[in-house]
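Take a look at the structure below.
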Amino acid sequence: MTQLAKIHFLGGVGTVTGSKFLIDLQEKKILIDCGVFQGLKELREQNWQELLFNASLIDVVLLTHGHLDHVGYLPRLVQQGFSGKIIGTAPTLAIAEIILNDSAKIYEEEAEKANKEKYTKHQPALPFFTKKDVEKTISFFESNQEDKWISLSENIKYRFQYNGHIIGATFIELDIYSKRFVFSGDIGRTDDYLLDDPKKPAWADFLFIESTYGNKLHPEENVEAVLTKIIKEVIDKKGNLIIPSFAVERLQMLMYVLWKLYKENKIPNIPIYVDSPMGNNVLDVFKRFSKWHKLSESEYNAMCNHINIIQSYRETWETIDNKVSKIVIAGSGMVTGGRVLTYLQQLIDENATTVLLVGYQAEGTRGRQLQEGASEIRFYGKYYPVKATIKSIESLSAHADQKGLLNWMSSIKNIPEKVYLIHGEPTSLDAFRVKIKNTYKWNVTIPKLNDIEEIMI
């Protein structure tokens with residue numbers, strides 16, 4: 001019996017954020033990921049629009065991992081009437097809970113500040129969602145283990161498969177009427193400091209694959225040597241090294257690498273501060289889910305003891321006022337918000353400051369502006385001159401590059417009926433499309449936002 005599957009591309013197409021893919025079947029309505037758009041204003045404005053699908057009809061949300069651009073729309077989905085299950089691995093749901101609570105706090109604080117200081121066009125400015133919305137959303141969470149087939153109905157089952165990238169991350173295999181749909185989520189790298197290598201899919205009739213680095217290879221640089229050189233330059237300048245960092249994975253990796261460099265006598269005992277309430281909570285997730293990463297308990301404890309974990313906003317200002325050379329790791333990774341803005345507000349106009357960007361900087365973010373040489377950046381309603389030295393280490397990215405993506409696909413035994421390129425910017429998507437066609441001769445398409453693809457299965 002043939003069935004019609006409608007695939008709604010509700011986000012994560014033509015851009016690297018906002019992942020939302022709906023499989024609309026007569027039997028079930030399944031949403032893969034539910035993230036917010038980040039970056040360009042025209043993208044962010046779409047977050048405020050309701051889904052072009054009745055949220056109350058969606059039966060289940062399956063999450064590949066806990067990053068904001070994969071889970072940050074969940075409370076809005078619940079506001080629109082969703083009341084089904086939200087399923088992910090246990091660490092994914094733990095990360096999602098931390099990120100959603102942190103986001104609600106930021107949204108509420110920013111709305112209050114905008115209204116108080118009157119730098120908003122909206123009367124009044126409203127938070128995108130609140131802590132109460134998050135509480136309700138979390139009540140729908142249900143964890144399932146990795147590498148185990150779970151039935152959603154008589155003809156539909158799914159499996160989470162380990163994917164590196166961040167703790168808890170998976171790709172999702174869905175068997176629907178004997179056809180296999182594979183959603184890559186974000187694919188991690190091999191030989192990661194903290195995580196095991198991603199598993200690979202063995203079969204895919206319909207493949208939905210991320211393309212963040214579809215047109216790039218990570219530089220073959222020695223991260224430890226580059227970091228050592230930057231840190232020594234900062235000490236020579238008697239300045240500060242500010243590292244905007246994602247709270248999940250990147251922050252923990254940086255902590256580990258900096259601790260390792262100190263332990264191996266490659267850098268002096270320069271004070272290192274981690275200023276990310278969310279990052280602190282993620283450290284606890286590493287402690288709770290030790291089977292999901294490589295760190296031993298003794299390494300974890302030694303790393304945490306070596307680094308100063310900032311617990312309060314008062315300590316943030318004490319750290320800024322302390323004139324000694326130091327390293328500060330603070331959220332957010334693309335400089336879109338968080339504690340790092342406080343440090344940049346005070347220190348980005350100083351020649352002795354170095355800002356080190358250590359991950360992908362999406363189009364339209366302050367991180368991308370800094371990376372591209374902006375002479376000033378705007379936040380808190382004002383412009384701040386950029387006199388600091390701006391540096392980047394792309395090879396610390398948690399995403400597989402083009403070679404890694406092709407390698408991840410290399411174990412697929414069949415020829416997929418169709419490959420959909422998602423989660424990438426236009427130049428990356430097109431380059432990856434050509435590369436897949438040349439390498440595998442597969443049928444590749446690049447969907448557009450709100451496209452609906454009809455598949456007979």
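All of these numbers come straight from a predicted model, not from anything done at the bench.
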Fill in: H70: which of D186, I32, L63 passes side-chain contact (heavy atoms from CB on, under 4.5 Å)
D186
Discussion item. Checking Y313 against T342: is there a side-chain donor and acceptor pair closer than 3.5 Å?
Written reply: yes
Practice prompt. Establish, for the pair K20 and Y73, whether the NZ or CZ atom is under 6.0 angstrom from the six-membered ring centre and no further than 45 degrees off its axis.
Written response: yes
Fill in: Over 12 foreign heavy atoms within 6.0 Å of NZ, K199
yes
Discussion item. One thing to verify: whether K237 and E233 come together as a salt bridge, which I'm taking to mean a side-chain N less than 4.0 angstrom from a carboxylate O.
Written reply: no
Worksheet item: So do the side chains of I242 and T353 get within less than 4.5 Å of each other, counting heavy atoms only?
Response: yes
Worksheet entry | Modelled atom types, side-chain donor and acceptor of N240 and K326, under 3.5 Å | yes
Practice prompt. Starting from the C-alpha separation in whole Å, work towards a yes-or-no answer on side-chain contact (heavy atoms from CB on, under 4.5 Å) for H293 and S290.
Written response: CA-CA 6 Å; H293 62 81; S290 57; 4.2 Å; yes
Worksheet item: With under 30° as parallel and over 60° as perpendicular, where do the rings of H399 and Y213 fit, or are they tilted in between?
Response: tilted
Practice prompt. Measure from the side-chain N and O atoms of E210 to the backbone N and O of I187, and report whether any donor-acceptor pair falls under 3.5 Å.
Written response: yes
Discussion item. Pair D133, T130 - check side-chain hydrogen bond (donor to acceptor under 3.5 Å, both in side chains), show working.
Written reply: CA-CA 5 Å; D133 294 324; T130 66; 3.1 Å; yes
Worksheet entry | R368/M334 under side-chain contact (heavy atoms from CB on, under 4.5 Å): CA gap, chis, key distance, verdict | CA-CA 7 Å; R368 176 69 77 92; M334 297 187 205; over 6 Å; no
Worksheet item: Listed by chain and number, what are the ring-ring contact (aromatic ring centres under 6.0 Å, His included) partners of Y262, not counting sequence neighbours?
Response: H306
Worksheet item: Hey, mind stepping through Q361 and L370 against side-chain contact (heavy atoms from CB on, under 4.5 Å) and telling me if it holds?
Response: CA-CA 9 Å; Q361 305 298 319; L370 289 172; over 6 Å; no
Worksheet item: Does K260 come within less than 4.0 Å of E264, counting only side-chain N to carboxylate O?
Response: yes
Practice prompt. Classify the side-chain pair T319/N322 by whether it contains a donor and acceptor separated by less than 3.5 Å.
Written response: no
Worksheet entry | Pi-cation contact, Y380 with K113 (under 6.0 Å, within 45°) | yes
Worksheet item: For K263, does the NZ atom have more than 12 heavy-atom neighbours from other residues, nucleotides or ligands under 6.0 Å away?
Response: yes
Practice prompt. May I have the step-by-step check of side-chain contact (heavy atoms from CB on, under 4.5 Å) for L258 and I231, ending in yes or no?
Written response: CA-CA 10 Å; L258 292 169; I231 289 164; 3.6 Å; yes
Worksheet entry | Electrostatic pair D430:R433 at N-O distance under 4.0 angstrom | yes
Discussion item. Can you confirm whether or not the ring centre of F181 sits under 6.0 Å from the ring centre of F183?
Written reply: no
Discussion item. Check this for me: does any side-chain nitrogen of one of E135 and K131 sit under 4.0 Å from a carboxylate oxygen of the other?
Written reply: no
Practice prompt. Establish, yes or no, whether a centroid distance under 6.0 Å links the rings of F9 and Y420.
Written response: yes
Item to complete: Anything under 30° is parallel, anything over 60° is perpendicular, the rest tilted; go ahead and classify Y384 against F379.
Response: parallel
Worksheet item: Within a strict 4.5 Å, meaning less than it, do heavy atoms of the L195 and Y162 side chains meet?
Response: yes
Worksheet item: Hey, are N215 and K435 close enough side-chain-wise for a donor-acceptor pair under 3.5 Å?
Response: no
Worksheet item: Quick one: does K441's side chain have a donor or acceptor within less than 3.5 Å of a partner on N438's backbone?
Response: yes
Fill in: Exceeds 12 heavy-atom contacts within 6.0 angstrom, atom NZ of K294
yes
Item to complete: Classify the ring geometry between Y107 and F128 as parallel (under 30°), tilted (30 to 60°) or perpendicular (over 60°).
Response: perpendicular
Worksheet item: Is atom CD of E112 surrounded by more than 12 heavy atoms (other residues, nucleotides or ligands) closer than 6.0 Å?
Response: no
Discussion item. Ring-plane angle category for Y440 and W442, please: parallel below 30°, perpendicular beyond 60°, tilted otherwise.
Written reply: parallel
